[in-house]
Amino acid sequence: MTAVPEPGCPRTPARRLRFGAAMRVKSGADFAQAYKLGVRDDARWVVVYGRANGCTHARLGLSISRKVGGAVVRNRLKRLLREAFRLRQHELAPGIDLIVVGRPHEFRPVADYEGVLVRASSRLAARLSPGTGSKPELPHG
RNA sequence: UUGGUCAGACGAUCGCUUGCGGGGCAACCCGCAGGAGGAAAGUCCGAACACGACAGGACACGAUGGUGGCUAACGACCACCGGCCCCGGCGCAGGGGUCAGGGACAGUGCCACAGAAAACAAACCGCCACCGCAAGGUGGUAAGGGUGAAACGGUGCGGUAAGAGCGCACCGCUCCUCUGGUGACAGAGGAGGCAGGGCAAACCCCAUCGCGUGCAAGCGCAAGCAGCCCCCGCCGCAAGGCACCUGUUGUCCGCAGGAUGGGGCGGGUCGCGUGCUCCGAGCUGUCCGGCAACGGCAGCCUGAGAGAAAUGAUCGUCGCCCGCAAGGGAACAGAAUUCGGCUUACGACCAGAUCU
RNA sequence: GCGCCGGUAGCUCAGUUGGCUAGAGCACACCCCUGAUAAGGGUGAGGUCGAAGGUUCGAUUCCUUUCCGGCGCA
């Protein structure tokens with residue numbers, strides 16, 4: 001967990017922490033391919049599927065079903081996960097799509113989701129890179 | 001229980017998104033402004049809007065159902081009428097609640113069990129008269145008993161062999177007339193001795209209304225692939241020159257066809273744009289009309305438009321509740337074309353009424 | 001966003017001119033059969049018919065509202 005920023009002294013990372021449209025997975029085919037061909041990491045409050053995306057940065061895709069809760073609950077969980085991804089985007093393994101599937105649970109602080117994403121990203125990257133020189137070049141979605 | 005108000009506030013940092021302005025070849029960056037609800041929900045009704053269908057009529061189907069109003073429209077809303085229930089000691093005046101509240105001589109159907117009998121009317125026990133020694137039979141009666149949710153007006157008196165609206169009084173009911181009311185209906189007067197159960201949220205009849213599908217409607221632009229149709233081998237203005245494949249039994253000429261391919265046309269997938277949100281709503285009024293719903297007038301104020309889908313995250317201060325304190329808590333809930341209602345979920349506060 | 005189905009015993013399902021006892025199979029309990037099981041036979045228990053309200057003398061059934069599941073439409 002990073003230090004809580006003092007008031008008036010926000011975190012000043014080396015790079016900007018943006019979250020634009022290019023950092024999201026939008027195509028249904030990308031989701032289907034991640035489910036079918038990608039690797040899976042079982043985190044505590046979510047399940048993360050990984051898939052090489054051919055980009056120079058990580059991308060985030062969210063799948064929050066109605067089992068998680070009502071529209072308010074689902075919106076809030078998506079916002080928390082997006083915030084975690086945004087804050088840790090430079091520490092995540094590049095070139096991997098993270099498809100995050102939510103599970104029903106009590107909300108956690110954003111820091112917990114940050115840890116989950118970073119851990120899942122490193123594990124998925126380790127499983128995707130070794131011995132996968134014949135990894136098919138996936139088209140950029 | 002009714003009505004109303006709000007939906008913690010402010011600030012900092014980091015973000016998302018729309019519009020405008022500026023910069024950049026571009027990716028993108030900067031500035032300013034805006035950015036969830038009273039129910040955004042359920043999708044139960046009604047409309048706008050769009051496309052399709054459509055001469056008119058009839059049938060079918062669906063919805064509604066006291067009267068009048070309100071409205072763009074409605075099954076919503078308002079007022080009134082009537083029935084039922086409650087309060088008012090009974091009763092009256094009155095007040096409150098509730099009702100899908102047209103039609104049961106247009107027709108069909110159902111009413112289990114019990115009961116003699118459940119809809120044409122009849123008669124189990126009784127009661128009375130007559131016959132008979134008796135058992136019982138014949139006739140009269142529908143008052144009484146009993147069954148049932150419901151049994152062919154109710155109570156009382158007279159009357160009678162016993163009884164019966166058979167007669168009378170009151171109540172109820174039906175019909176007629178008059179009066180009042182736009183009307184549902186109400187009141188008064190008169191006549192009738194009583195007509196004859198319930199169910200139409202059973203089929204149905206009557207009256208009124210309703211075309212179907214829905215923004216994933218629809219309109220425009222339009223990669224790639226495939227299909228259909230047309231043209232084309234290349235150079236050249238043209239004459240002409242050069243050239244691929246197949247067939248014409250071998251070769252050449254000639255003729256016919258084809259062509260991986262190129263171009264065009266229409267339809268149209270991914271996608272993009274549009275529909276898409278500023279001209280209608282809201283608030284206020286010693287204003288006007290109306291009991292009210294609502295309408296009119298005047299003034300003021302106001303801007304979500306996303307599209308794997310924004311409206312957020314963290315921190316601080318203050319305010320509210322619980323707790324001595326540390327600390328904890330703050331409901332229901334997230335726009336998806338837009339409005340008018342209904343229903344459901346739910347926190348706090350204010351005012352009124354009622355109960356304890 | 002729009003539309004369409006379903007909810008009955010622990011599970012899977014029946015149940016129409018509204019009334020009869022709300023049934024069937026599996027599962028469960030007990031008994032018989034066997035040296036002991038399984039199978040088989042017999043007996044039995046188990047139901048707010050998703051919830052609320054209404055119509056009716058009477059509702060699983062009819063009507064309205066609501067809750068919870070499921071499906072379809074690009």
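Just so you know, these numbers come straight off a predicted model, no measurement behind them. Note on naming: letters A, B, ... go to the chains in the order of the sequence lines (proteins, then strands), and numbering restarts at 1 for each one.
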Do any N or O atoms of the protein come closer than 3.5 Å to N or O atoms of nucleotides 309-311 of chain B, and which pairs are they?
unit_1 : atom_1 : unit_2 : atom_2 : d
B:A309 : OP2    : A:R82  : NH1    : 3.1
B:A310 : OP1    : A:R82  : NH2    : 3.3
B:U311 : OP2    : A:R79  : NE     : 2.7
B:U311 : OP2    : A:R79  : NH2    : 3.1

Check nucleotides 24-30 of chain B against the protein and report each pair of N or O atoms closer than 3.5 Å, with its distance, or say if there are none.
unit_1 : atom_1 : unit_2 : atom_2 : d
B:C29  : OP1    : A:R18  : NH1    : 3.3

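Less than 4.0 Å separates RNA chain B from no heavy atom of any residue of residues 41-49 of chain A.
Searching all strands for a Watson-Crick or G-U wobble partner of B:G31 with both distances below 3.5 Å returns B:C20. Remark: B:C315 base-pairs with B:G11; criterion is Watson-Crick or G-U wobble with both hydrogen-bond distances under 3.5 Å.
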(message) Once pairs are restricted to Watson-Crick or G-U wobble with both distances under 3.5 Å, how does RNA chain C read as a dot-bracket string, [ ] for crossings and | for other-strand pairs?
(response) ((((((((.[[[[.)...(...]]]].(((((.......))))).....[[[[[..)....]]]]]))))))).

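Residues satisfying the side-chain hydrogen bond (donor to acceptor under 3.5 Å, both in side chains) criterion with A:R76, sequence neighbours excluded, are absent altogether. Judged as a side-chain hydrogen bond (donor to acceptor under 3.5 Å, both in side chains), and not counting sequence neighbours, A:R82 has no contacts. Listed by chain and residue number, A:D41 satisfy the salt bridge (charged side-chain N to carboxylate O under 4.0 Å, His left out) test with A:R123 (two or more places apart in sequence, or in another chain). In this structure, A:S122 has no side chain to side chain contact (heavy atoms under 4.5 Å, CB included) partners at least two apart in sequence or on a different chain. In terms of the side chain to side chain contact (heavy atoms under 4.5 Å, CB included) criterion, residue partners of A:R40 (sequence neighbours excluded) are, by chain and number, A:D42, A:V47, A:Y49. Residues satisfying the side chain to side chain contact (heavy atoms under 4.5 Å, CB included) test with A:V116, not counting sequence neighbours, are A:A43, A:W45, A:V46. Residues satisfying the side-chain hydrogen bond (donor to acceptor under 3.5 Å, both in side chains) test with A:E83, not counting sequence neighbours, are A:R86. For A:R108, the side-chain hydrogen bond (donor to acceptor under 3.5 Å, both in side chains) criterion is met by A:D112, not counting sequence neighbours.
B:G15 atom C1' lies 14 Å from atom CG of A:L80, rounded to whole Å. Remark: P of B:A308 and CZ of A:F31 are 10 Å apart, rounded to the nearest angstrom. Atom CZ of A:R66 and atom C1' of B:G42 are 12 Å apart (whole Å).
Residue A:V72 places its side chain closer to B:A333 than to any other of B:A335, B:A333, B:G15. The side chain of A:R86 lies closest to B:G15, out of B:G15, B:G334, B:A308.
Shown here, B:G328 is classed anti by the O4'-C1'-N9-C4 or O4'-C1'-N1-C2 angle, which is more than 90° from 0.
Going from the P atom of B:G329 to that of B:G334 covers 23 Å, rounded to whole Å.
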